[in-house]
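Step one of this worksheet: look at the structure below.
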Amino acid sequence: MKHLRLGVNIDHVATIRNARGGVHPDPLRAARIAEAAGADGITAHLREDRRHISDADITRLARELTIPLNFEMAATEEMLSIALAHKPHASCLVPEKREERTTEGGLDVAGSHNTLRYYVDSLKGAGIRVSLFIEADPRQLEAAKAIGADIVELHTGAYCDAEAAAARGQELERIRKAAAFAEELGLECHAGHGLTFGTVGPVAAIPTIVELNIGHFLIGEAIFAGLDPAIRKMRNLMDDARQAVA
Ligand code: PXP
């Protein structure tokens, strides 16, 4: 059995940190916990509006992580120069719109290959592996191959969002076919977006996918896994302090 890599996206640890503007919770601390728990890599998306991960987070992650950093970025000059300064293990190019809540669709590589090729060449020239976040569409896979990408990451959002079993099955089939085509083309195949405990299984079972990137659900779930011990610890600290002066 070939090991399926898990990339943990820590963006939303930064979302919670930024709600108060301080330093807690620290995405680097989350990254270390992820590593200890079996993550093979850490993914962080430095958005143009810096709504979660900050420039300083990227600096610290690039300097201190001992597992690979997958730097998600829009294809812009600003992000390219940040990637070149830090030389992460990989950069994943994603479409980015200011008004969107999250990355809502894949890159149109087929329609914008001339622009994208420049970013792929520049990143690869610096020794950074390049991934393109795309829909599970053979046209996009062919275009990704044509402009020299190393990796494609297939968008699993439509599969995860599909409510009816038939629609979900169709989306899964599209992902399965695209993952097989990626292998034929010699592209490493990753997948992610919206994956949960309930949806990960069928995607993880696709043999030609080598890595899954998962974030939002894990950070949300961590609240429930961690709330009980956090409250108990606070309860104990309060009770101990009162007892000490009683
Ligand atoms: N892969 C890519 C390219 C993404 O943009 C995201 C979201 O930032 C993910 C994976 C992870 O998605 P989620 O946070 O929904 O698990």
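Each ligand, and each atom within it, is numbered from 1 in the order the structure gives.
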Which ligand 1 atoms, with their elements, are less than 4.0 angstrom from a heavy-atom of [X]?
| X | result |
| --- | --- |
| N9 | 7 (C), 8 (O) |
| G194 | 12 (O), 13 (P), 15 (O), 16 (O) |
| F133 | 2 (C), 3 (C) |
| V94 | 3 (C) |

**Q.** By side chain to side chain donor-acceptor pair (under 3.5 Å) - contacts of N18 (at least two apart)
**A.**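 Partners of N18 under the side chain to side chain donor-acceptor pair (under 3.5 Å) test: none.
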**Q.** Residues that D161 engages under side chain to side chain donor-acceptor pair (under 3.5 Å), provided they are two or more places apart
**A.**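 Once residues adjacent in sequence are excluded, D161 has no partner under the side chain to side chain donor-acceptor pair (under 3.5 Å) criterion.
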May I ask you to identify, for [X], whether its side chain, its backbone, both or neither come under 4.0 Å of ligand 1 on a heavy-atom basis?
| X | result |
| --- | --- |
| N213 | both |
| H12 | neither |
| H155 | neither |

Q. Should one rank H52, H216, E72, E96 by closest heavy-atom distance to atom 9 (C) of ligand 1, which comes out on top?
A.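 The residue whose heavy atom sits nearest atom 9 (C) of ligand 1 is E72.
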Q: Go through the side-chain N and O atoms of E153 and H190 and say whether any donor and acceptor fall under 3.5 Å apart.
A: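 H190 and E153 do not have a side-chain donor-acceptor pair below 3.5 Å.
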Q: Indicate whether the side chain of N70 and that of T43 have a donor and an acceptor atom separated by less than 3.5 Å.
A: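 Indeed, the side chains of N70 and T43 share at least one donor-acceptor pair under 3.5 Å.
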Q: Over 60° means perpendicular and under 30° means parallel, so classify the ring planes of F197 and F217, tilted if in between.
A: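 Aromatic pair F217/F197 classed perpendicular.
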Please report whether ligand 1 has a polar contact with [X], defined as an N or O pair separated by less than 3.5 Å (distance criterion only).
| X | result |
| --- | --- |
| G215 | yes |
| I214 | no |
| H45 | no |

**Q.** Member of L46, V94, I82, L123 meeting the side-chain contact (heavy atoms from CB on, under 4.5 Å) criterion with M73
**A.**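 Result for side-chain contact (heavy atoms from CB on, under 4.5 Å) with M73: L123.
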(Q) Using a 6.0 Å cut-off, check whether atom CD of E183 has over 12 heavy atoms from anything other than its own residue. (A)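 It does not: E183 CD has 12 such atoms or fewer within range.
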Q.
Strictly distance-based, threshold 3.5 Å: is any side-chain N or O of H155 a donor or acceptor partner for the main-chain N or O of G157?
A.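 Yes, H155 side chain to G157 backbone: donor-acceptor pair under 3.5 Å.
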